[in-house]
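Let me begin by presenting the structure, written as structure tokens, before commenting on it.
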Amino acid sequence: MLSFRIAARFLKSSPGQSALIMAGIAVGIATQIFVGSLITSLQADLIDAAVGSSPHVTLRAEDGGAISTLFAEDAVETEPLISTAVAVRTLSAIYAEGEDSVPLSLTGGDAAGLDTIYKLSDKLTEGSYRLAENDALVGERFADEYGVGAGDQLDLLLPDGSVASYSVSGVFDLGQGTANERFVFVDTASAADALGMSDNECSAVQIQLTDPFASSEVAPRLADAFGVEAVDWQAENEELLSGLAAQSGSSAMIQVFVLVAVALGIASTLAISAVQKTRQIGILKAIGMGDAASGRIFLWQAALLGAGGTLGGIGLGYALIWGFSFAPVPFSVRPEPTFIALSAVIGITVALLSSVIPARSTSRLDPIEVIQNG
Amino acid sequence: MADLLVADSLSKVYGEGDTATHALKGVSFTLAEGEFASIIGQSGSGKSTLLNMIGLLDTPTSGQVLFDGENTTSLGRKGRARVRNSGLGFVFQFHYLLPEFSVWENLTMPAQIAGRSVTAEEKTRTLETLELLGLKGLEKKNANQLSGGQKQRVAIGRALMNQPKLILADEPTGNLDTRNTATVYELFRTINAELGTSFLIVTHDRAVAQQTDRILEVSDGELVQDVRNDYAVGR
Ligand SMILES: Nc1ncnc2c1ncn2[C@@H]1O[C@H](COP(=O)(O)OP(=O)(O)OP(=O)(O)O)[C@@H](O)[C@H]1O
Ligand SMILES: [Mg+2]
């Protein structure tokens with residue numbers, strides 16, 4: 001541990017230089033943590049907006065006919081990655097007002113089940129979340145455009161030409177224009193009537209997973225297991241996904257460059273420090289310190305600088321994230337613990353790696369070089 | 001008395017070809033335990049080169065150094081470092097203290113390098129050494145807060161700490177005034193008498209050499225004279 005004590009003393013004896021290099025590491029690590037957390041949070045936000053309140057996998061009959069409602073329960077039992085599965089009855093309808101008409105997409109299901117996917121109870125702007133017989137929930141945009149509100153009657157033209165009468169129980173805002181205009185949620189019984197389905201028949205099972213990105217692996221499994229078509233959200237959102245991938249790529253690149261800058265900073269400072277301390281190393285060797293032990297002095301210096309800088313960087317990173325919470329942007333940045341742990345490991349590793357050259361030259365130094373040159 | 005040191009045909013060539021310098025040309029001599037000897041010679045004659053070979057700080061081009069019955073030529077870097085730490089003590093013209101460390105830490109460094117934690121016995125000895133060197137009360141001071149003479153005395157103290165059998169001194173008083181010079185040689189004599197430590201002191205000053213028991217004279221890389229000095233002041 002003598003090497004460690006000498007390293008600590010060397011650092012302490014030039015506090016300005018030590019503080020400067022630690023600040024350099026800290027800024028690098030803080031940038032890493034901030035950019036990493038920013039991108040991760042931003043992406044989580046985008047993904048949440050895209051699929052947070054919509055199905056990740058939808059099971060339906062290949063011929064467009066009915067499937068068993070039991071599939072919903074069976075799917076939950078067989079697939080641990082599923083967080084919720086809801087049997088729904090979907091149909092299209094037309095709302096007409098004078099000359100104007102708008103095609104609507106009706107989803108019938110039980111209120112509690114639908115809520116697990118669409119989180120409608122949190123997204124009501126008017127009325128209450130209720131889907132009793134002949135209740136309907138309409139989108140905000142539709143409500144505005146056609147002057148429909150909670151308590152109003154809603155007559156819809158069904159594909160078979162009949163008219164179904166609903167009473168609007170609430171108005172929702174799903175945060176998406178199309179959904180807010182075209183989506184209508186209705187009670188499950190009226191949808192069954194309209195589609196001519198029995199109690200244990202539905203048109204689709206809508207599923208959410210604990211990890212939305214597991215859909216590409218879960219969907220084919222479910223399709224096989226139940227002999228149905230399984231629609232994967234990822235297959236239908238390729239543009240969004242490639243955008244996210246590009247974003248991750250550029251974030252990774254920024255981080256690599258930051259790391260390289262940090263590594264170069266530590267390496268050059270340690271190299272300077274090794275030169276500054278050549279004399280001391282020579283003296284220590286003259287009075288019997290071994291090559292390995294003297295080389296370790298610089299490894300320890302690097303480890304101390306790396307650890308100090310990384311700790312400071314984590315603090316600074318949190319401060320940046322906290323400061324960002326006051327910025328006028330529509331999403332918040334959450335510190336990512338795994339990412340922070342990774343940055344810490346990388347920070348210290350980079351510090352240790354950049355000490356290899358000074359440590360090696362130190363262990364090769366001959367005491368006579370110092371003694372002879374005075 | 002037993003042989004402590006055998007220098008056997010030590011040669012050292014610096015550089016090669018036309019620019020080669022033959023700094024040592026086959027120097028042989030033997031030093032017994034407890035001897036108090038000096039090496040004199042003109043500037044550039046090879047005194048430091050010889051001392052550095054003996055001190056295992058440098059390797060001879062040919063020849064051997066036997067120290068305390070061990071042939072050091074066959075030792076690796078590690079083995080040589082061990083002998084430097086435990087068997088030898090160095091005092092140079094320049095003090096070579098570690099400026100980042102206190103007097104106490106500089107003194108105990110050889111023990112720490114040996115991998116020992118400083119024992120109670122060593123603490124007592126360090127205190128005694130401080131007393132002997134007239135450095136009492138300075139142990140907490142930083143090494144670079146001392147005067148030149150104090151630094152040199154700390155360096156001597158450090159050379160003594162591992163109780164080496166041989167102390168090698170290269171112009172140890174080169175940077176000191178007359179009074180400090182006298183103090184240092186008195187110290188060497190005391191240590192030699194009390195602990196039986198052997199001394200080999202390089203100097204270009206005949207007056208200093210006259211105070212030692214044996215004078216080895218080097219000229220142009222060769223040992224030209226090796227005389228006992230029965231008139232040494234300290235005798
Ligand atoms: N590293 C080196 N490279 C080349 N030549 C060297 C080296 N060290 C010493 N010499 C040469 O070897 C010879 C002996 O040098 P050394 O230092 O042993 O002399 P010295 O007797 O100690 O002299 P001084 O009294 O001035 O200290 C000199 O000619 C010197 O130039
Ligand atoms: Mg010399």
Side-chain angles (χ1 to χ4, degrees), chain A residues 1-19 21 269-270 272-298 300-301 304-305 358-374, chain B residues 12 14 23 48-49 51-53 55-60 76-102 105-118 142-144 155 158-162 164 168 170-171 174-175:
Chain A
M1 278 300 97
L2 179 61
S3 303
F4 175 81
R5 270 177 287 142
I6 293 173
R9 184 63 62 88
F10 280 178
L11 292 178
K12 224 174 96 185
S13 70
S14 41
Q17 189 177 321
S18 307
I21 181 166
T269 317
L270 280 179
I272 293 167
S273 166
V275 171
Q276 287 172 338
K277 303 297 182 195
T278 302
R279 182 184 190 81
Q280 283 86 326
I281 301 294
I283 298 168
L284 286 163
K285 285 192 167 190
I287 60 175
M289 180 172 260
D291 295 340
S294 45
R296 277 200 297 275
I297 293 174
F298 287 92
W300 278 119
Q301 280 203 34
L304 286 170
L305 290 170
R360 281 228 317 241
S361 62
T362 300
S363 66
R364 283 187 190 146
L365 178 78
D366 262 317
I368 189 69
E369 294 169 39
V370 171
I371 304 298
Q372 222 169 30
N373 301 327
Chain B
K12 180 71 180 180
Y14 290 112
S48 296
T49 305
L51 205 74
N52 292 338
M53 302 294 143
L56 311 186
L57 291 167
D58 207 353
T59 43
R77 286 171 73 97
K78 217 172 174 170
R80 288 142 53 86
R82 172 181 51 76
V83 175
R84 284 201 300 270
N85 180 251
S86 61
L88 297 167
F90 296 96
V91 183
F92 301 98
Q93 178 170 357
F94 186 78
H95 56 78
Y96 291 117
L97 294 180
L98 297 165
E100 293 87 356
F101 293 83
S102 71
E105 289 165 326
N106 268 284
L107 284 175
T108 54
M109 196 57 80
Q112 296 192 50
I113 286 174
R116 295 194 301 266
S117 48
V118 182
N142 217 277
N144 55 11
R158 184 179 62 187
L160 288 173
M161 279 309 296
N162 273 0
L168 300 169
D170 193 346
E171 308 273 9
N175 284 335

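A, B, ... follow the sequence lines: proteins, then strands. Residue 1 opens every chain.
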Whatever's closer than 4.5 Å to a heavy atom in chain B on A:S294 counts as neither
Taken to the nearest 0.5 Å, the spacing of B:Q112 CD from A:M289 CE works out to 9.0 Å
B:E100 side chain near A:S14 side chain, heavy-atom distance below 4.5 Å: no
Between B:R84 and A:P367 the two heavy atoms that sit nearest each other are NH2-CG, 3.9 Å
Rounded to the nearest 0.5 angstrom, the CG-CZ distance for B:L98 and A:R279 is 10.0 Å
When rounded to the nearest 0.5 Å, the distance separating CG of A:D366 from CZ of B:R80 is 7.5 Å
Report yes if the side chains of A:I283 and B:R158 come closer than 4.5 Å at any heavy-atom pair, otherwise no. yes
When the 4.5 angstrom heavy-atom criterion is applied to A:L2 and chain B, the contacting part is side chain
When the 4.5 angstrom heavy-atom criterion is applied to B:L88 and chain A, the contacting part is neither
Honestly, the part of A:K12 sitting under 4.5 Å from a heavy atom of chain B is neither
If you count the non-hydrogen atoms of other residues, nucleotides and ligands that lie under 6.0 Å from CZ in A:R5, is the total more than 12?
yes
For B:S102 and A:R9 the tightest heavy-atom approach is N-NH1, 4.3 Å
When the 4.5 angstrom heavy-atom criterion is applied to B:E105 and chain A, the contacting part is side chain
*Non-hydrogen side-chain atoms of B:L57 and A:K285 separated by less than 4.5 Å*: no
Closest heavy-atom pair, B:Y96 versus A:I371, reported as atoms and distance to 0.1 Å, is OH-O, 2.9 Å
Value for CD1 (A:I368) from CE (B:M53), rounded to nearest 0.5 Å, stands at 7.0 Å
